[in-house]
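No experiment lies behind these values; they were computed from the predicted model shown.
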Amino acid sequence: MSNPVLDARLEAVKHLIRAGVHADIGSDHARLPVRLIRDGHAARCVVVELNPGPLEQARRSVARTRLQNHIEVREGNGFAPLQPGEVDSASVCGMGAHTIMGILKRAADRLPPALVLQPNDSALLLRLWAREAGFHVRAERLVAGYWTYAVLRLERVGGPDPAYVGLPTAAALRYGPHLLRAGGELLRRQVEADVARLTPVAAPGRDSWTELHTARTALDWLTGEAVQAAVL
Ligand SMILES: C[S@@+](CC[C@H](N)C(=O)[O-])C[C@H]1O[C@@H](n2cnc3c(N)ncnc32)[C@H](O)[C@@H]1O
C-alpha cells in the first residue's frame with residue numbers, strides 16, 4: 001500500500017508524537033499509526049476502535065501495509081483495552097472535546113504520561129481538565145481545515161503549568177498558552193471571528209458576555225504583542 005496521506009490536522013498530530021509504544025484511541029482508518037511507524041515517530045502502535053465499521057477498516061489498513069508486527073488493532077472503549085503502563089503516549093483525535101474528556105476521565109490509571117489531543121471544537125475543556133489531572137500543556141499547534149483545529153501535547157508533570165505564566169489566564173485557557181504566546185495570523189483571525197460572533201449576542205449575566213470579554217482580552221494581548229514586535 002502506498003503511504004497513506006495525512007491531512008494537515010493529522011500531520012500536526014504526528015509531529016507532536018515521539019514514542020516507543022503509542023496508542024491511537026478512536027483511530028478509524030488507522031492512517032495516523034501507519035504513518036507514525038513508517039516515519040519513525042513510534043516503534044509500535046496499539047489501535048483502539050469502538051465501532052465495528054471503523055474497526056474493520058483499521059484492520060484492513062494494517063493488513064494492507066503489512067505492519068501487523070508493529071500495529072495491533074484492539075476492539076474496545078477508550079483506554080479499556082490497554083494495561084496500565086503499557087504505552088508511553090496516546091492520541092485521541094477528531095472528536096468533540098466532551099467525548100475526548102469522557103474517554104480521558106474513564107481511563108483512570110491506564111492514562112499514559114503523554115497525550116496528544118485534537119478536539120473538533122473548543123480545546124478549553126481539555127486545558128481545564130489537564131490542570132486538574134496534573135498534566136502540563138507542552139506544545140500546541142493550530143491548523144486550518146474544515147474548522148480551525150487546536151492540537152495539544154500534554155505531559156504529566158507535578159505542580160503549576162509554567163506555560164500560563166505571564167498570560168491572561170482565561171484567554172490562555174480558551175485559546176491556548178503556547179498559541180497565544182506565538183501569535184500568528186490564524187489565531188488572530190479565529191479570535192476576531194469570535195469577537196464578531198459574540199458582540200451582537202453578549203449581554204451581562206450570559207456566558208456570551210464572559211466569552212466576549214475573554215476574546216477581547218486575547219485580541220488586545222495579540223495586538224499588543226504585535227505592536228511590541230514592530231517597535232523592537
Ligand atoms: C471522527 S473519527 C476520527 C478518526 C481519527 N482519529 C481522525 O482524527 O481522523 C472518531 C472515531 O473514534 C471512534 N470512537 C468514538 N468513541 C470511541 C471510544 N470511546 N473508544 C474508541 N473509539 C471511539 C469512532 O468509532 C470513530 O472511528
Listed partners of His98 passing ring pair (Phe, Tyr, Trp, His ring centres under 6.0 Å), at least two apart: none

Answer yes or no: is there a donor N or O on one side and an acceptor on the other, between the side chain of Gln118 and the main chain of Gly94, under 3.5 Å?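 Yes: the side chain of Gln118 pairs with the backbone of Gly94.
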
Residues in salt bridge (Lys or Arg N to Asp or Glu O under 4.0 Å) contact with Arg141, at least two apart in sequence or another chain: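 Residues passing salt bridge (Lys or Arg N to Asp or Glu O under 4.0 Å) with Arg141: none at all.
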
Using the salt bridge (Lys or Arg N to Asp or Glu O under 4.0 Å) criterion, which residues pair with Arg110? Sequence neighbours excluded. none

Answer yes or no: is there a side-chain heavy-atom contact under 4.5 Å between [X] and [Y]?
{"X": "Arg38", "Y": "Asn3", "value": "yes"}
{"X": "Val157", "Y": "Arg138", "value": "yes"}
{"X": "Tyr149", "Y": "Leu142", "value": "no"}
{"X": "Glu75", "Y": "Pro81", "value": "no"}
{"X": "Tyr164", "Y": "Val137", "value": "yes"}
{"X": "Leu36", "Y": "Lys14", "value": "yes"}

Ala202 and Ser208: which non-hydrogen atoms are nearest, and at how many Å? CA-OG, 3.4 Å

Carboxylate-amine/guanidinium proximity below 4.0 Å for Arg18 and Asp88: no

For the pair Arg31 and Glu11, find out whether any cationic side-chain nitrogen is under 4.0 Å from an anionic carboxylate oxygen. no

List the steps, then state whether side-chain contact (heavy atoms from CB on, under 4.5 Å) holds for Phe79 with Leu104. CA-CA 8 Å; Phe79 286 82; Leu104 299 175; 4.2 Å; yes

Non-neighbouring partners of Pro162 that pass side-chain contact (heavy atoms from CB on, under 4.5 Å), sequence neighbours left out: His136

By side-chain contact (heavy atoms from CB on, under 4.5 Å), which residues pair with Arg44, not counting sequence neighbours?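 For Arg44 the side-chain contact (heavy atoms from CB on, under 4.5 Å) partners, ignoring immediate neighbours, are Val21, Val46, Glu72, Glu86.
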
Using side-chain hydrogen bond (donor to acceptor under 3.5 Å, both in side chains) as the criterion, list what pairs up with Arg188, not counting sequence neighbours. Glu185, Glu192

Is it true that His15 and His41 have ring centroids separated by less than 6.0 Å? yes

Using the salt bridge (Lys or Arg N to Asp or Glu O under 4.0 Å) definition, which of the options Arg174, Arg216, Arg189 pairs with Asp194? Arg174

